[in-house]
Amino acid sequence: MIRGLFHEYIDMYASRDDRLTTRFSQNFTGFTGSWGRLIQDHDEWIRITRQDFEQVPGPIRMEVTDVSLQDLSNEVVSVAATLRIHLPNDADLMAHHVTRLVLVFRLEAGAWMITHCSYSVPFHGTNDDEVYPIRSLQQQNRALQALVAERTRELQESQAFYRLLTEDAEDVHWQMDRDFIVTYISPADERLRGFQAAEVVGRPVFELLTEEAGALVRHAINLSAQKALPAGPTSFRKFEIQQLCKDGSLVWGEVLVKPDLNAKGEVVGYHGITRNVTERKRLEEQVRQLAFHDTLTNLANRRLLLEHLDQAMGESKRSHHYGAVIYLDLDNFKPLNDIHGHGMGDLLLIEVGSRLKGCVRAADTVARIGGDEFVVLLRTLPPQLDEARVQAIAVAEKIRGCLAERYVLRSAPDVPAIEHACTASIGVALFCGRDETLDSLMQRADQAMYQAKENGRNRVQLALTAKK
């Protein structure tokens, strides 16, 4: 279904169909291609889209070369594609550039809406009054054609011509010898990481990497040495690593590396290309954050909780240590919403999340699974049942007492504060190994929580033992 929505988007965009604007979510974000800036306003994105349609009013052809889909959750799907854009006039100006497109669809009120759109095009120079940099591309194209013609005549197939191509590229081209000493690096590295070539050439490549990145490079190089790669332009090892910049910061690079062989087939060095993918990694992390965390409290959501719980049960089976699920529901939350509005309710939920994180260890998981319901996953309790039960109840009582303290809520610095009393009913279910399913364990904790409510609220109730 999502693939169909993606192709429908391509068709509507290519035909310059203004109805495309109805597909954008009110919570829309997007990166414009050549402008390179983040748009966080739904109406601004529609304005830019219509400006695009006005500047190139005729249909265009969008040649999709690759599409990949990733289900981030039942309600969020990411689509990444590469394509070539053929404009009605001067079509070759953009058609020989690969454009990367990322769309994020989210199910909203029963309809799939576009919540994020990112175009990534390998050129800049757009004027303020144009969406596609047609005029600048024409100028650049004429200049590049003249330059290539001149240098081709002068340099032919010489090493100087090779250096010219690598030095003008945004990607970093590099070479190193068999001892991993850098012997050449293109000027693009200075733009990427801040180092001049003289500061890099002659140094071991591992001095320029994090410890983890160095281990990845060694692994990729060892694979290349142990297993011969087929000849041709695709015979590269590819991986992603973090690299150190001169100012101490880190950037993500996609690295393609290939060994250099002498006439005897012996490795005498390596060469490759490094491409800056920092922005792509940031967007991937942003999408993951949306898929696995509650947007209000920034706690884990149900999906991430179940993933952690499954891991904890696997660890428990191997170590024979107990774990526990603490299921809690706020006792006096609805009156706050009814009297003071959902804004105050949101502030209380945020404060509850903060208090919960302060009651448990870093290895434990705190999740909001909906409304005013929260779950705490305790890992690695003692292997003895009685001791595990005592520790789990102690943590639950600590949580109960912490959440029962009065809340002072203020929506803005110049707005009077509101005090609110809110307790929690808490159910605790112990587990060891995989003697029951995730659903069964969650249900036992949930039932214990409801028993706590029936017994008077603001109390902790231990769940019944799981049935064998």
Side-chain angles (χ1 to χ4, degrees), residues 294 297 299-333 349 351-405 422-468:
D294 174 55
T297 63
L299 299 176
N301 61 14
R302 180 184 291 272
R303 177 175 179 147
L304 186 57
L305 169 68
L306 293 178
E307 182 178 302
H308 285 187
L309 180 55
D310 184 64
Q311 294 170 358
M313 294 176 79
E315 294 169 1
S316 174
K317 182 177 181 179
R318 292 188 295 271
S319 67
H320 305 291
H321 281 258
Y322 277 86
V325 171
I326 299 176
Y327 201 118
L328 62 97
D329 183 87
L330 302 182
D331 294 326
N332 192 30
F333 177 70
L349 292 173
E351 175 62 19
V352 167
S354 177
R355 293 186 186 186
L356 285 172
K357 288 192 290 186
C359 291
V360 298
R361 304 162 297 183
D364 300 323
T365 299
V366 179
R368 178 184 176 220
I369 60 173
D372 59 342
E373 292 184 326
F374 296 81
V375 172
V376 176
L377 167 63
L378 301 181
R379 298 172 180 256
T380 321
L381 296 175
Q384 297 78 24
L385 176 59
D386 291 342
E387 294 183 19
R389 183 186 298 117
V390 169
Q391 285 195 17
I393 294 297
V395 174
E397 286 291 352
K398 179 181 178 181
I399 290 172
R400 185 194 62 76
C402 183
L403 297 187
E405 296 177 4
C422 185
T423 59
S425 297
I426 301 175
V428 179
L430 294 169
F431 66 87
C432 188
R434 296 185 179 275
D435 293 337
E436 59 182 318
T437 64
L438 295 176
D439 289 341
S440 172
L441 176 58
M442 291 288 288
Q443 185 177 14
R444 283 200 299 122
D446 185 31
Q447 290 174 345
M449 180 272 292
Y450 276 107
Q451 187 64 48
K453 279 191 178 293
E454 293 176 359
N455 291 342
R457 302 174 184 267
N458 189 25
R459 64 185 62 236
V460 174
Q461 177 68 45
L462 183 65
L464 296 174
T465 304
K467 295 181 180 180
K468 299 291 186 181

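Everything numeric in this text was worked out from a predicted model, so none of it was measured.
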Does the [X] side chain pair with the main chain of [Y], one donor and one acceptor, at a distance under 3.5 Å?
| X | Y | answer |
| --- | --- | --- |
| N455 | Q451 | yes |
| R355 | E405 | yes |
| R457 | L330 | no |
| R444 | L430 | yes |
| R368 | G371 | yes |

State the [atom1]-[atom2] distance between [X] and [Y], to the nearest 0.5 angstrom.
| X | Y | atom1 | atom2 | answer |
| --- | --- | --- | --- | --- |
| R318 | S316 | CZ | OG | 9.5 Å |
| D329 | K453 | CG | NZ | 4.0 Å |
| T365 | K357 | OG1 | NZ | 12.0 Å |
| I426 | R459 | CD1 | CZ | 11.5 Å |
| L441 | D310 | CG | CG | 11.0 Å |
| E387 | Y322 | CD | OH | 11.5 Å |

(message) Restricting to salt bridge (Lys or Arg N to Asp or Glu O under 4.0 Å), what partner residues turn up for R361, sequence neighbours left out?
(response) D364

How close do [X] and [Y] get, counting heavy atoms only, and between which atoms?
| X | Y | value |
| --- | --- | --- |
| V428 | A448 | N-CB, 4.1 Å |
| A392 | I326 | O-CD1, 4.2 Å |
| L299 | G353 | CD1-CA, 3.8 Å |
| R400 | E397 | NE-OE1, 2.8 Å |

(request) Scan side-chain atoms only and decide if S425 and D331 contain a donor-acceptor pair under the 3.5 Å cut-off. (result) yes

(message) Can you see whether Q443 engages D439 through a side-chain donor-acceptor pair at a distance of less than 3.5 angstrom?
(response) no

(message) Less than 4.5 Å apart, side chain to side chain, heavy atoms only: is that true for N332 and T423?
(response) no

Enumerate, atom names and distances included, each donor-acceptor pair closer than 3.5 Å involving a side-chain atom of residues 373-385, sequence neighbours excluded.
residue	atom	partner	partner atom	Å
E373	OE1	Y327	OH	3.4
R379	NE	A363	O	3.3
R379	NH1	E315	OE1	3.0
R379	NH1	E315	OE2	3.2
R379	NH2	H308	O	3.4

(message) Could you walk me through whether L403 and L356 satisfy the side chain to side chain contact (heavy atoms under 4.5 Å, CB included) test, starting with their C-alpha distance in whole Å, then the side-chain angles of each, then the deciding distance to 0.1 Å, before giving a yes or no?
(response) CA-CA 8 Å; L403 297 187; L356 285 172; 4.1 Å; yes

